[in-house]
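Report on one structure; see the data block that follows.
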Amino acid sequence: MLLLIQYTLIFASVLLLVALGGCISEHSGVINLGLEGIMVVGALGGALVMSSLGTSSAFVMVLVAMLAAILAGMLYSCLLGVAAIHFKADQTLVGTAMNLLATAAATVFVKAMNTAANPDNHSSEIEYISARKMFIVNINGFEFNWFMLVAVIAVVLVYFLLYKNRLGLRLMACGEHPQAAASVGVSVYKMRWTGVLMSGALGGLGGLCYILAGVSVWKFENGVAGFGFLALAVMIFGQWKPTRIALAALIFGLFRALSNTYTGFPFLVSLNLPGNVYNMMPYIVCLIVLAFTSKASRAPKAEGIPYDKGSR
Amino acid sequence: MRKVLKNEAVQAFIASVICILLGILIGYIVLLFINPAGAGESIVNVIKNFFTWSRPASQMKQLGNTLAKTMPLILCSLSILFSYKVGLFNIGTAGQYVAGACASLYAALAWGWGWLPCVLFAVFAGAFLGTITGLLKAYCNVNEVISGIMLNWISLYLTNTLLTNVKETASPYTLYLDKTNPKALLPTLGLDTLFNKNANVTIAVPITILAAFAVWIILSKTKLGYELKATGNNKNAAKYAGMAQNRNIIMTLAISGALAGLAAALLYLTGYMRWECTQSSVPSMGFNGIAAAFLGGLHPLGAIFSSFFIQHITDGGQYVNTNFYSSQISDVISSVIIYLCGFVLFIKLTMKKILANKEEKKGAK
Amino acid sequence: MSGTHASEYAIEMLHITKRFPGIIANDDVTLQLRHGEIHALLGENGAGKSTLMSVLFGLYQAEEGTIKKDGKEVKINNPNDANALGIGMVHQHFKLVECFTVLDNIIMGVEPVGALGFLQKKQAREKVLELSRKYGLQVDPDAKIEDITVGMQQRTEILKMLYRDNEILIFDEPTAVLTPQEIEELMQIMRNLAAEGKSILFISHKLAEIMAVADRCSVLRKGKYIGTVETKDTTMEELSAMMVGRNVNFHVEKKPAVPGDVVLEVSHMTVASKVHNNNAVKDVSFKVRRGEIVCIAGIDGNGQSELVYGITGLEPLVSGSILMDGKDITKSSIRKRSVSGMSHIPEDRHKHGLVLDYSLEYNMILQTYFESRFTKKIGFLRRKNIREYSDKLIEQYDVRSGQGSLTTARSMSGGNQQKAIIAREIDKDPEVLVAVQPTRGLDVGAIEYIHKQLVAQRDAGKAVLLISLELDEVMDVPDRILVMYEGEIVGELDPKQTTQEELGLYMAGAKRDEVKDA
């Protein structure tokens with residue numbers, strides 16, 4: 001049971017961080033379908049730090065790895081920013097390309113790195129056993145991960161940013177009615193860049209959190225298994241509101257955690273279902289939830305529509 | 001000359017070529033970055049693909065293999081572009097392809113069906129999955145990209161579970177088709193002899209080319225195409241004109257799914273590939289279809305050539321110097337190309353602007 | 001007042017030229033605004049008024065010409081520059097974020113903030129309340145924009161300018177969405193503002209309003225500056241001649257109506273709203289007969305759109321029934337209604353009327369493409385027939401475009417797009433023609449043409465249902481007027497008997513009759 005709670009919280013943290021990223025980006029008017037790819041790149045950035053940084057200080061390790069993930073995610077999100085904000089590219093297409101590119105590029109990169117270190121090693125794996133321990137505090141068998149705290153802080157920050165802050169007011173105006181924002185001198189391009197970069201930072205963090213959730217070695221060929229898209233579903237279910245997104249993330253996190261821990265529940269084992277059923281659960285739940293919540297969606301009105309200075 | 005440049009199709013072609021060249025250039029830079037020594041040779045090998053073999057007979061055989069995989073890619077890109085013309089981004093093509101693989105292999109290996117019913121069953125399976133996305137979109141307003149991704153994973157795990165029943169005991173791969181049920185193998189129609197007895201070249205080739213022409217004709221010359229494109233361009237106007245919007249959305253995704261299902265059947269029933277039942281990611285065929293569709297200027301006949309090119313460099317990936325590089329460099333190149341396709345509109349506009357400026361200057365003189 | 005200023009003029013725009021690809025929107029235009037005056041800018045749709053104001057507001061940059069503030073040359077590159085110079089604008093389409101509160105909309109761009117950008121709204125709220133008292137602009141600062149009336153939204157826009165202490169206030173077609181009574185209130189507000197020393201630019205194409213409120217009036221025509229006159233020295237006729245370039249007959253020529261059988265009968269129709277929870281149309285009943293034009297008049301947003309959606313089948317009814325030629329079509333599909341004789345000229349030609357990326361010929365068959373003359377049995381389009389039909393309509397209805405049938409609809413002018421829709425809908429030879437704001441955004445020539453077509457349809461024995469927001473159109477074109485207010489029909493008027501004032505009272509809900517069955 002404790003294990004289930006632990007996995008629920010850590011997967012919820014992943015979904016929450018990434019969904020908040022998607023939420024900010026969409027509030028600024030850009031649909032970020034590239035979150036999946038941003039997660040991979042963020043994870044790669046963090047993994048590189050974790051495998052190479054030789055520090056014994058947990059604080060330094062956690063901080064530097066997170067910063068690396070944030071930075072990597074932000075850099076990668078620039079691909080979306082340039083294409084969607086300045087070149088009016090199809091945001092769905094660009095997001096998809098970013099997802100494919102991230103996995104391919106990360107694989108090529110890690111393989112090249114591994115091969116350079118050892119000519120016989122052609123795997124796309126990075127190990128971070130000792131680093132992972134530094135992220136975790138063991139409380140009576142419950143593995144507390146610092147990311148759980150980071151996720152909570154992120155909700156609070158995003159809430160205050162969107163509803164109590166000048167930046168949030170302007171940013172949301174750009175996603176609802178960019179012409180109105182422009183008419184009072186708000187730079188729509190600047191706000192949309194802010195949204196995209198913040199989603200890059202949160203997506204990168206979420207990616208690092210994901211590869212730390214249950215394992216100490218990550219095979220980059222596998223990407224992040226649709227978690228970026230699950231996070232978007234969490235965002236829709238949460239109706240683009242930070243607090244509701246947090247709740248939604250917990251629900252989805254629970255179903256994802258079941259696939260890791262169902263063997264610990266005699267009741268579930270006695271059902272004798274194939275393990276793949278539990279693997280499918282989060283996706284099935286997601287579809288069902290979306291089917292019931294998408295109709296009354298309160299998506300930002302101008303999301304996905306390129307802003308053109310000339311049009312009124 | 002100027003007249004030629006003003007032609008939309010020519011502009012689309014030039015834009016695609018620019019994307020390809022930039023994509024390869026970036027791939028080359030990545031290789032240089034990893035190890036400058038072998039980069040030039042490796043990138044050339046990626047582009048040469050089967051030409052890296054010296055004997056013409058081997059070349060033909062390898063070309064045959066590339067063709068065998070090009071056919072499903074063409075169908076996947078048709079699947080993508082067909083729905084894109086109706087304003088739907090069917091990223092679920094990848095999952096519908098998986099469903100097709102599952103249906104055709106299960107019918108062939110577990111039930112011992114002949115090749116034609118297997119193909120039809122795969123088409124049906126793909127269409128079924130597409131229909132689910134369509135129903136969700138039409139009646140529940142679920143974004144088709146997100147439901148598509150979810151269904152991709154669901155169908156992957158479902159396929160892994162089901163095909164485990166027909167896998168080899170010692171390996172995670174499904175049984176050999178030619179040993180278990182040879183009548184499920186696609187007929188070669190003598191095409192194999194053209195490619196140095198490569199039995200992977202089959203009836204799939206004519207079927208695929210016919211499918212491309214059929215999609216082209218449907219979209220450009222029929223009432224159905226007129227309705228679907230109207231829906232894609234302006235769904236409000238389509239509703240105003242009394243077109244059955246929900247029916248069109250569902251039908252589009254069903255057809256799109258059928259094409260993806262067909263794609264999988266035409267690959268797995270050649271016996272060239274077997275399904276790995278522990279696979280943890282969705283096969284990239286469906287995603288590469290996105291690249292091929294956009295690179296082909298979203299034209300069904302353009303898709304034939306762009307698909308061949310993408311498959312060509314994807315296969316070329318295996319000829320890189322694996323001491324330094326990995327074959328995924330091809331995936332990097334094709335995903336960079338997809339990304340750059342997002343700029344096609346911009347490239348075309350720039351071309352138009354340059355042409356207009358030149359004309360204005362000429363007029364001024 | 002003027003003694004304290006460095007120049008006689010608050011703002012001068014001298015010899016402004018602004019080009020867009022293919023057209024010159026402003027061609028050497030000069031406009032001089034005095035301190036404390038109300039200055040009207042008159043011109044038809046497309047005359048270049050909005051472009052000129054966008055240049056002044058920094059949304060566009062002019063290719064040639066200079067702008068002076070208090071006699072000194074200034075550069076305005078963006079709305080921030082305009083704001084810094086004390087220039088504010090109420091746009092024709094309000095620039096308000098619907099899910100924000102009134103206060104948030106007012107402060108956006110000049111938010112009072114503390115450390116780290118956190119908003120401090122208390123003082124802002126007080127300032128807004130004080131301003132609304134001072135100028136008589138009643139509005140609740142904490143209400144959301146999507147919940148308040150259009151009139152209140154406009155007041156929010158005015159407060160936005162006052163909050164920024166703007167001295168030069170631009171009103172872009174501010175009366176289009178208001179009732180006659182609200183218009184009167186707005187004019188009083190404008191007079192108050194001018195009396196306080198604010199300089200006001202008032203953009204309009206409505207002559208009566210200009211004569212009533214403005215001190216001077218500058219006229220634009222087809223992008224060119226025609227001249228400036230003192231309103232007290234001129235007449236409506238003179239202004240209209242300046243605006244159009246010829247004397248226009250505002251009155252629609254028509255013979256008395258000869259109404260025949262009832263063709264369209266709506267009984268107890270109720271339609272839900274997509275915007276709010278109440279029903280948009282409540283228990284409405286009326287009839288339209290052969291050979292008459294019935295006009296639904298009312299302020300925008302009183303349920304007219306939903307009424308049309310209900311009749312044409314774009315939205316289902318909550319309750320009630322619709323009969324066409326005596327047959328019940330309440331549950332019929334859009335296609336069924338269209339085939340059995342209903343034509344619909346939609347409110348928004350870009351949203352509903354056209355597939356903009358289709359060629360003109362494909363748009364011409366949008367309602368009839370499935371007929372055997374355009375489609376073979378096995379589903380192939382008959383391209384030759386389509387071309388011939390389209391060419392015929394283009395010639396008959398004088399639709400002008402670059403490449404005839406092959407022109408992309410998107411590249412055509414608004415007037416010609418509308419003509420194409422009208423050609424398509426009239427050529428279907430309908431029993432009932434539903435025309436929703438058919439002249440919106442068109443110039444005088446096109447308006448005259450469309451009014452003639454409507455009357456011709458009437459004279460050919462068709463039933464015409466016209467939905468209009470333009471008072472002139474409401475008074476001139478129809479044979480009967482039904483006034484809609486908050487989803488109900490509140491009055492039936494005879495255009496020959498009634499006056500604009502009486503109409504206005506009904507439209508504002510100040511007067512109502514029991515209209516059981518019109």
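We name chains A, B, ... by the order of the sequence lines, and we start the count at 1 in each one.
Between the CG atom of L31(B) and the OH atom of Y325(B) there is a distance of 5.5 Å, given to the nearest 0.5 Å. Interatomic distance, CD1 of I250(B) versus CG of L88(B), reported as 11.0 Å (0.5 Å rounding).
Residues K111(A) and Q328(B) have side chains that bring a donor and an acceptor to within less than 3.5 angstrom of each other. Side-chain contact annotation: S256(B) with N90(B), donor-acceptor N/O pair under 3.5 Å present. With hydrogens and angles left out, the side-chain atoms of D90(A) and Y84(B) include a donor and acceptor closer than 3.5 Å. In summary, the side chains of T107(A) and S124(A) do not present any donor paired with an acceptor at a separation below 3.5 Å, with no hydrogens or angles considered.
At a 4.5 Å heavy-atom cutoff, the contact between Y139(B) and chain A is made by backbone atoms alone. For V30(B), the part lying near chain A is the side chain, with the backbone staying farther off; criterion is any non-hydrogen pair under 4.5 Å. Looking at L135(B), there are no atoms closer than 4.5 Å to chain A (heavy atoms on both sides), in backbone or side chain. Interface residue I154(B): backbone and side-chain heavy atoms are both found under 4.5 Å from chain A. Contact annotation for I236(A): only side-chain heavy atoms (C-beta onward) come within less than 4.5 Å of a heavy atom of chain B. Contact annotation for P274(A): only side-chain heavy atoms (C-beta onward) come within less than 4.5 Å of a heavy atom of chain B. Only the side chain of S280(B) has a heavy atom closer than 4.5 Å to any heavy atom of chain A. For chain B, the nearby parts of L79(A) are the backbone and the side chain; heavy atoms of each come within less than 4.5 Å. Heavy-atom distances place the side chain of F346(B), and not its backbone, under 4.5 Å from chain A. The parts of F287(B) that come within reach of chain A are both its backbone and its side chain, each placing non-hydrogen atoms under 4.5 angstrom from that chain.
Between chain A and the residues L158(B), N143(B), I132(B), N152(B), the largest count of heavy-atom pairs under 4.5 Å involves L158(B). Chain B forms more heavy-atom pairs under 4.5 Å with one residue of S294(A), A97(A), G223(A) than with any other, namely S294(A). Of the listed residues V94(A), I284(A), T92(A), the one with more heavy-atom pairs under 4.5 angstrom with chain B than any other is T92(A). Taking I34(B), I149(B), N35(B) one by one and counting their heavy-atom pairs under 4.5 Å with chain A, the maximum is reached by I149(B). Taking chain A as the reference chain and counting heavy-atom pairs below 4.5 Å, the highest number among D331(B), I337(B), V332(B) is found for V332(B). Of the listed residues (S326(B), G342(B), S334(B)), the one with the most heavy-atom contacts under 4.5 Å to chain A is S326(B).
Between F229(A) and W153(B), the ring centre distance reaches or exceeds 6.0 Å.
Looking at every heavy atom in both residues, R256(A) comes nearest to N260(A) through NH1-OD1, 2.8 Å. For the pair G195(A) and S28(A), the tightest heavy-atom approach, listed with the atom from each and the gap, is CA-OG, 3.8 Å.
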Steps toward side chain to side chain contact (heavy atoms under 4.5 Å, CB included) verdict (K137(B), T133(B)): CA-CA 6 Å; K137(B) 173 80 181 180; T133(B) 314; 5.6 Å; no
